[in-house]
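A short worksheet on the structure shown next.
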Amino acid sequence: MSRKITGVNHPGLETEYKSKDTNKGKMLLFRKEAGDFSFYLYEDRIWHCDLEEHNPNGLSIGTVVLGRVEKVLSEMHACFVKLQPTISGFLSIPKSHPLPHQNDYLLVQVIKDAQKNKECEVTQKIEIPGEFFVLKSGHGTLQVSKKATDEQVQKATEFMQNKKEMLLVQNSELYKAFLSQVDILCRTDALALSETEFQKELEASIENAYQILVLGKSKSLYGISYKPEPAYVQFIKRHPAYGVTEVLTDSKELFEEASQYLKDIPVRYYEDTALDLASVYRIPSLLRSISEKKVLLPSGGSIVIEQTEALVAIDVNSGKKQSKLKEEYLLSANIEACKEIFYQIQARNLSGMILIDFINLQSKESIESLLAEVKECCKKDTVFCRFVDYTGLGLVEVTRQKLSMPLHEKRMLDKFEY
């Protein structure tokens, strides 16, 4: 069955979509009533998905704007900031900081959308993410990704310190004050750069932050100094290891948008009235496979994933009477379950404390083999994930950094099918 895809941003490119190549990473984009959905697919599975809900006020999360204090709430140590003529935001101020005065101009960043009768939330602790570095309001500290080795931390810190000292000598007092008030975080991907590339990217990131954090304060009221890129663009840039080879969408608006942002990756527009793009790639079915509590394994076993307020509990079942099973089979079943568990953790974007109850193993060698697999899976995760302990009750404890809302809280399946 052929499917027509046109690629306007690549002149002359028009091809029949004859078959899905599931061995190549693809990003699929959909625009629906709930918002813009993005799915990263590889080997016929969803490895990452996101939803950017439509924001009627036009100020998406991450936007930096110069607002005006319209009301001070002394008892709450907070204030309301007018962000646009018809939009206000709630700003909570640390107790150690003085309250602003009414009509003061403040540079703030949107951190939470408006909910029903509540205003959106903003902060003065502004964060500017980039492909290699993250710069944020702070005290001039230098930090390196938690996934870096001690040697990489030392090397990256030295590079950043050298560049910072060079900029302090070369620039104005205003620029020096800025450098003393901005924290710099080196991402994992920056560690693979040469020293020259590292210094070049760092200087570009610092200059960009200066334009936003310092010069943004001199803009006219309601002036926007930073607007984040779409979530799918940020994902592609931050995770080059995923190897996104193509972006597909059935929305002309998203096609035009993606074509502007992504110059090095083919962006294609899918149009077929007989079979929609979501059906071609079985998106609803794949979403259900990372949304349901019980996950079946090829060997006949299963894993059950329970999300509680305090932690994530995962139970592995062999599906057979364990008293009749050999240790080799139990280890093999656990290894199979381990790979699937860490896929599910990543695809569902689970975080915090994660407790895994594997099938009981008797020999020390088997336990060590299983824990080696757990540690290897932690290393492969694109988010900082750490093996903590193998408890006396035989539970594996893992912690995973929280960067964004987990899949179940976004209600992706319900909103996509609506």
Side-chain angles (χ1 to χ4, degrees), residues 20 22 25-30 32-53 231-232 235 242 276-320 322 332-359 373-374 377-378 380-383 385 395-400 402-418:
K20 297 183 297 180
T22 57
K26 295 179 183 286
M27 181 68 75
L28 270 61
L29 309 177
F30 301 90
K32 291 182 173 288
E33 185 176 338
D36 293 343
F37 292 80
S38 57
F39 300 93
Y40 170 71
L41 270 62
Y42 179 68
E43 294 185 340
D44 209 26
R45 305 190 88 178
I46 294 173
W47 287 83
H48 172 84
C49 54
D50 209 341
L51 166 61
E52 284 192 290
E53 299 191 50
Y232 65 89
F235 173 81
Y242 274 107
D276 63 86
L277 185 61
S279 297
V280 171
Y281 283 90
R282 304 188 303 113
I283 296 299
S285 174
L286 295 179
L287 260 179
R288 277 191 287 274
S289 72
I290 56 173
S291 301
E292 295 173 346
K293 187 166 72 171
K294 187 173 183 178
V295 179
L296 300 179
L297 300 171
S299 65
S302 65
I303 59 177
V304 178
I305 303 171
E306 293 271 10
Q307 175 77 57
T308 71
E309 288 188 14
L311 52 82
V312 178
I314 302 177
D315 186 44
V316 180
N317 300 303
S318 67
K320 301 175 183 178
Q322 294 183 29
S332 174
N334 274 332
I335 295 293
E336 176 192 48
C338 184
K339 295 179 188 294
E340 180 64 26
I341 284 169
F342 279 89
Y343 160 73
Q344 292 287 336
I345 287 173
Q346 188 168 327
R348 297 174 189 232
N349 197 23
L350 300 176
S351 60
M353 182 186 292
I354 302 171
L355 289 181
I356 308 171
D357 187 5
F358 285 103
I359 304 167
E373 182 66 30
V374 169
C377 288
C378 286
K380 291 179 180 178
D381 199 329
T382 55
V383 174
C385 186
L395 300 175
V396 171
E397 183 181 347
V398 169
T399 60
R400 189 170 188 264
K402 182 173 183 177
L403 296 179
S404 58
M405 193 183 297
L407 183 66
H408 69 275
E409 289 185 13
K410 293 181 181 179
R411 296 177 49 243
M412 291 277 288
L413 181 60
D414 294 339
K415 292 178 180 178
F416 187 80
E417 292 186 322
Y418 177 72

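Below 30°, between 30° and 60°, or above 60°: for Phe235 and His48 the angle between ring planes is below 30°, a parallel geometry.
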Could you pull out all donor-acceptor pairs under 3.5 Å where a side-chain atom in residues 402-413 meets a protein atom, sequence neighbours excluded?
residue, atom, partner, partner atom, Å
Ser404, OG, Asn349, ND2, 2.9
Lys410, NZ, Asp50, OD1, 2.8

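Residues Asp44 and Arg282 are in side-chain contact: their nearest non-hydrogen atoms beyond the backbone lie under 4.5 Å apart. No side-chain heavy atom of Val312 sits under 4.5 Å from any side-chain heavy atom of Ile345. Side-chain contact between Phe416 and Cys49: absent, with no pair of heavy atoms (C-beta onward) separated by less than 4.5 Å. Looking at heavy atoms from C-beta onward, Val304 lies in side-chain contact with Lys293 at the 4.5 angstrom threshold. The closest side-chain heavy-atom distance from Ile305 to Leu350 is below 4.5 Å. Side-chain contact between Ile283 and Phe30 is present, with heavy atoms from C-beta onward closer than 4.5 Å. By the 4.5 Å heavy-atom criterion applied to side chains, Phe358 and Val374 are counted as neighbours. Side-chain contact between Phe342 and Lys380 is absent, with no heavy atoms from C-beta onward closer than 4.5 Å.
Of all the heavy atoms in Phe37 and Lys32, the pair that sits closest is CE1-CB, 3.9 Å. When all heavy atoms of Ala347 and Ile46 are compared, the closest pair comes out as CB-O, 3.5 Å. In plain terms, the two heavy atoms of Cys378 and Cys385 that are nearest each other are CB-O, 3.5 Å. Considering every non-hydrogen atom in both Leu287 and Ser291, the closest pair reads O-OG, 2.6 Å. In this structure, Ser302 and Leu296 approach most closely via the heavy-atom pair CB-CD2, 4.1 Å. The heavy-atom pair separating Tyr232 from Ser38 by the smallest distance is CB-CB, 3.8 Å.
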- Task: Go through Gln344 and Ile290 one step at a time and tell me if the side chain to side chain contact (heavy atoms under 4.5 Å, CB included) criterion holds.
- Result: CA-CA 6 Å; Gln344 292 287 336; Ile290 56 173; 3.8 Å; yes
Residues Gln346, Val383; criterion side chain to side chain contact (heavy atoms under 4.5 Å, CB included); working and verdict:
CA-CA 8 Å; Gln346 188 168 327; Val383 174; over 6 Å; no
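In this structure, Ile303 CD1 and Ile341 CD1 are separated by 5.0 Å, a value rounded to the nearest 0.5 Å. Rounding to the nearest 0.5 angstrom, the gap separating the CG atom in Leu51 from the CZ atom in Phe39 is 8.5 Å. Atom CG of Asn317 and atom CG of Asp357 lie 8.5 Å apart (nearest 0.5 Å). Here CG of Asp315 is found 9.5 Å from CG of Leu395. Values are rounded to the nearest 0.5 Å.
No donor-acceptor pair closer than 3.5 Å links the side chain of Glu340 to the backbone N or O of Leu297.
Remark: Arg348 engages no residue in a salt bridge (Lys or Arg N to Asp or Glu O under 4.0 Å) (not counting sequence neighbours).
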